[in-house]
Every structure is written in C-alpha cells, then in structure tokens.
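Here the structure is a predicted model, which is why all the values come from computation and not from measurement.
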Amino acid sequence: MNKNDSTYLRIEGLKAGIDGREILRGVNLEISQGEVHALMGPNGSGKSTLANVLMGHPAYELYEGRVMLGDINVLELPVHERARIGLFLAFQYPVSITGVTVGKFLKRAVEARAENPEDMDVSSFFEKLEETMEFLEIDPRFVGRYLNNGFSGGEKKRMEIAQMLLLEPKFAILDETDSGLDIDALKVVSRGINRLRGPDFGSLIITHYQRILNYVKPDRVHVMYDGRIVASGREELVTKLEERGYEWLKDERVLENIRK
Ligand SMILES: Nc1ncnc2c1ncn2[C@@H]1O[C@H](COP(=O)(O)OP(=O)(O)O)[C@@H](O)[C@H]1O
Ligand SMILES: [Mg+2]
C-alpha cells in the first residue's frame, strides 16, 4: 500500500443495525491521520454500534456504506486484517483468556501486525514492553498474569492502551464506555493517546462525557444523535454540550438547522 493512500479514515453513508433494526442511519465522518476526533452523543445514539461495526462484531448487520482506509474498504476485511493495515479497535479482545499471559498476548498482537513476524526482534520487543508498562504505571508483574483475568476496569483499560502503544496503529477507535473509569485510568488513557499523537496517528475517541477531553484536546468534535452525526465543530462544541447537555438536540428545529 502506498503511504499516501492511507492518510485518512473515511466513513461513507454507513447504515447498520441489528436484527433488521437500523441503528446507524447514514454516518459520514472523515478523520485524517494526525488528527484526534471526539465522537459524543447521548446514550443510545449509536456510538458503540459504530465502534462495533468498525471492529467487525458479528452481531451487527451492514446495510449500506463503506469505511475507507485509503483505497481499502475496511468492512470487507476479516477482523485480523483490519489490525494488520493499522486499525486499532479498543475492546477487540475484551474477554479474559486463561492460559495466555499478558506478555505472550501482546507479543502475538505485535507479531500479527508485523510485515514479517520472523523479523521481529524479541529482545527489543520486551524492552519496549517494559518501558511501556512503566509509562502507564502498570506493575511489571502483570506481564506474567493471564490476560484480563480478574483485572479491574482500570487495569483492563491500561492493558488496552499498552497494546495500542506497542502496535502504533495508524488509526485508533476508542470506545470509552466512560462508566467505571476512575480519574487515574482516565489520565493513563489520555497519556497513551497523547504519546502517539503526531502526523502518523489518527484517533476517534468515543465518549458520552466531556471529562476525557480535558486531557486530550480534540482537533474536531462530532455529535451523534439517533444514528447520525448531527453536529461537527471544534472545542466550543464541547463547551456548548457542557452548558446545555444533549437536550437541545431534541429540538427538531435545531436538528434541521444543523443538517442544512
Ligand atoms: N446488541 C444489541 N442488541 C440489541 N440492540 C442493540 C444492541 N446494541 C445496540 N443496540 C441498540 O442500538 C441503539 C444504540 O446503542 P449504542 O450503539 O450502544 O449507543 P451508545 O453507545 O451511543 O450509547 C440503542 O437503542 C441500543 O439499545
Ligand atoms: Mg456506548
């Protein structure tokens, strides 16, 4: 793939749902590599559905649209191929895996992303792993524990961010599901995102609350309502939501104006 081909992630007219019920009703969104976007919106607006469709969750049905990473339609790729081309989807491995340690899991994830897994330098991997764990304030003993087995919400989140830092994806989709994230976990997540921030990294941070946006300043903010992006703007949109909540979006006249 030509480097220039993969400089944006573009969601085009995406309609998807579950059991024949349309939840995403035509989502359009473009993120350039190098930009961090936030996706906000009230509960039930379809934010997690979007994340699940992007990650290829088998329960969701695609009705229309495509998601282009350069000239590749991500939705046509098997899930493991999505990681290979540089997409990182948090909650891809939410299950606990008995018998697979954190160290082994992360090593496999990096191998799966590498062009030539045989070429991977194992000692530099473990060096980077150690440094990453330290950066995220994860107890080094975690490397030998079974993945997510008995991990707290915050610990799972840290592991996820560790995985992201090791994989160095082109685009990361992070569905925060804010509940259960204490302030420390929130800060660690933010620190991880901010570390990767730069011309080769794009991200979509999905969040119901503006809290995380105090730590990661988004380049652009979108609001999802009823399966569509109804507003896009800069940080002032976050302030507006902070002041007025999501209630103002329920006013159809507002929606009509936004859609114009
Ligand atoms: N697995 C599912 N089964 C049935 N309905 C679902 C499922 N996932 C999402 N939905 C429905 O889709 C709508 C959007 O949900 P979701 O994407 O979780 O919203 P958000 O993440 O913005 O809170 C809701 O009405 C929800 O009940
Ligand atoms: Mg959600």
Side-chain angles (χ1 to χ4, degrees), residues 7-18 21-55 57 60 62-69 74-75 87-91 171-179 181 186 189-190 193-194 197 201-260:
T7 48
Y8 60 82
L9 181 71
R10 191 159 64 210
I11 301 167
E12 299 174 358
L14 185 61
K15 294 187 178 177
I18 203 154
R21 183 184 146 221
E22 194 172 279
I23 299 169
L24 299 181
R25 308 198 303 142
V27 175
N28 297 297
L29 181 63
E30 180 171 328
I31 306 168
S32 292
Q33 224 176 332
E35 287 178 358
V36 172
H37 290 213
L39 179 64
M40 305 184 73
N43 280 323
S45 55
K47 305 183 299 297
S48 293
T49 299
L50 177 63
N52 286 327
V53 169
L54 289 172
M55 79 169 71
H57 191 298
Y60 293 83
L62 174 68
Y63 305 134
E64 252 181 76
R66 42 182 214 168
V67 177
M68 303 303 289
L69 180 67
V74 170
L75 300 180
L87 259 190
F88 178 82
L89 303 153
F91 297 137
F171 288 98
I173 316 290
L174 303 162
D175 189 355
E176 283 315 319
T177 62
D178 314 75
S179 58
L181 269 200
L186 200 69
V189 169
S190 310
I193 298 166
N194 286 331
R197 231 175 153 155
F201 177 73
S203 184
L204 183 65
I205 301 175
I206 301 176
T207 179
H208 178 71
Y209 301 106
Q210 49 273 9
R211 283 195 313 170
I212 191 169
L213 306 177
N214 295 329
Y215 301 99
V216 181
K217 295 289 170 199
D219 297 298
R220 217 155 160 72
V221 179
H222 310 277
V223 182
M224 185 174 267
Y225 186 83
D226 199 14
R228 289 190 186 95
I229 308 273
V230 295
S232 294
R234 299 192 179 274
E235 263 196 283
E236 74 278 351
L237 192 53
V238 181
T239 315
K240 190 166 177 183
L241 290 169
E242 212 161 334
E243 284 164 7
R244 303 173 63 180
Y246 290 111
E247 284 302 307
W248 61 282
L249 289 170
K250 291 193 178 133
D251 185 337
E252 266 305 312
R253 280 166 309 176
V254 172
L255 287 182
E256 261 167 40
N257 278 327
I258 287 167
R259 282 188 192 136
K260 267 179 207 159

Show the numbers, then the answer: is there a side chain to side chain contact (heavy atoms under 4.5 Å, CB included) between H208 and N43?
-> CA-CA 7 Å; H208 178 71; N43 280 323; 3.9 Å; yes

With a 4.5 Å limit on heavy-atom distance, are the side chains of L186 and R211 in contact?
-> yes

Between V223 and G41, which heavy-atom pair has the shortest distance, and what is it?
-> CG1-CA, 4.3 Å

Look up atom NZ in K240 and atom CG in L237, then write down how far apart they are to the nearest 0.5 Å.
-> 7.0 Å

Minimum side-chain heavy-atom gap L14-L29 below 4.5 Å = no

Distance, nearest 0.5 Å, that separates CE of M68 from OH of Y8 = 6.5 Å

Which residues pass the side-chain contact (heavy atoms from CB on, under 4.5 Å) test with E64, sequence neighbours left out?
-> K15

Do I31 and V36 come within less than 4.5 Å of each other through their side chains, counting heavy atoms only?
-> no

Close side-chain approach of N52 to L89, heavy-atom, < 4.5 Å | no

Derivation of the side chain to side chain contact (heavy atoms under 4.5 Å, CB included) call for Q210 and T239 = CA-CA 9 Å; Q210 49 273 9; T239 315; over 6 Å; no

side-chain contact (heavy atoms from CB on, under 4.5 Å) partner of H222, chosen from I229, I206, V27, N28 = I229

Residues which pass side-chain hydrogen bond (donor to acceptor under 3.5 Å, both in side chains) with Y63, listed by chain and number, not counting sequence neighbours | E61

Hits for side-chain hydrogen bond (donor to acceptor under 3.5 Å, both in side chains) against K217, two or more places apart or cross-chain, chain-then-number order -> E235

N-O pairing of D226 and R25 below 4.0 Å | yes

Is the closest side-chain heavy-atom distance between S232 and V221 below 4.5 Å?
-> no

Any side-chain heavy atom of L9 within less than 4.5 Å of one from L87?
-> yes

Which residues satisfy the side-chain contact (heavy atoms from CB on, under 4.5 Å) test with T49, sequence neighbours excluded?
-> I23, L24, V53, Y60

Taking all non-hydrogen atoms of both residues, which atom of T207 and which atom of Y246 are closest, and how far apart?
-> O-OH, 4.3 Å

Sequence neighbours excluded, the answer for side-chain hydrogen bond (donor to acceptor under 3.5 Å, both in side chains) partners of E12 is R10, R66

Nearest-0.5 Å distance, CG of residue L62 to CG of residue L75 | 5.5 Å

CD1 of I173 to NZ of K47, rounded to nearest 0.5 Å, is 15.0 Å

Closest heavy-atom pair and its distance - E35, D219 = CA-OD2, 3.2 Å

Working to the nearest 0.5 Å, report the span between CE of M55 and CG of L50.
-> 10.0 Å

Centroid-centroid distance, F171 to H37, less than 6.0 Å = no

Answer yes or no: is there a side-chain heavy-atom contact under 4.5 Å between L174 and S203?
-> yes

Does some side-chain heavy atom of F201 sit less than 4.5 Å from a side-chain heavy atom of I193?
-> yes

Step by step, would you call I11 with E30 a side chain to side chain contact (heavy atoms under 4.5 Å, CB included)?
-> CA-CA 6 Å; I11 301 167; E30 180 171 328; over 6 Å; no

A38 versus L204, closest heavy-atom pair with distance | C-CD1, 4.4 Å

Taking side-chain contact (heavy atoms from CB on, under 4.5 Å) as the test, write out the residues that go with N214, two or more places apart.
-> none

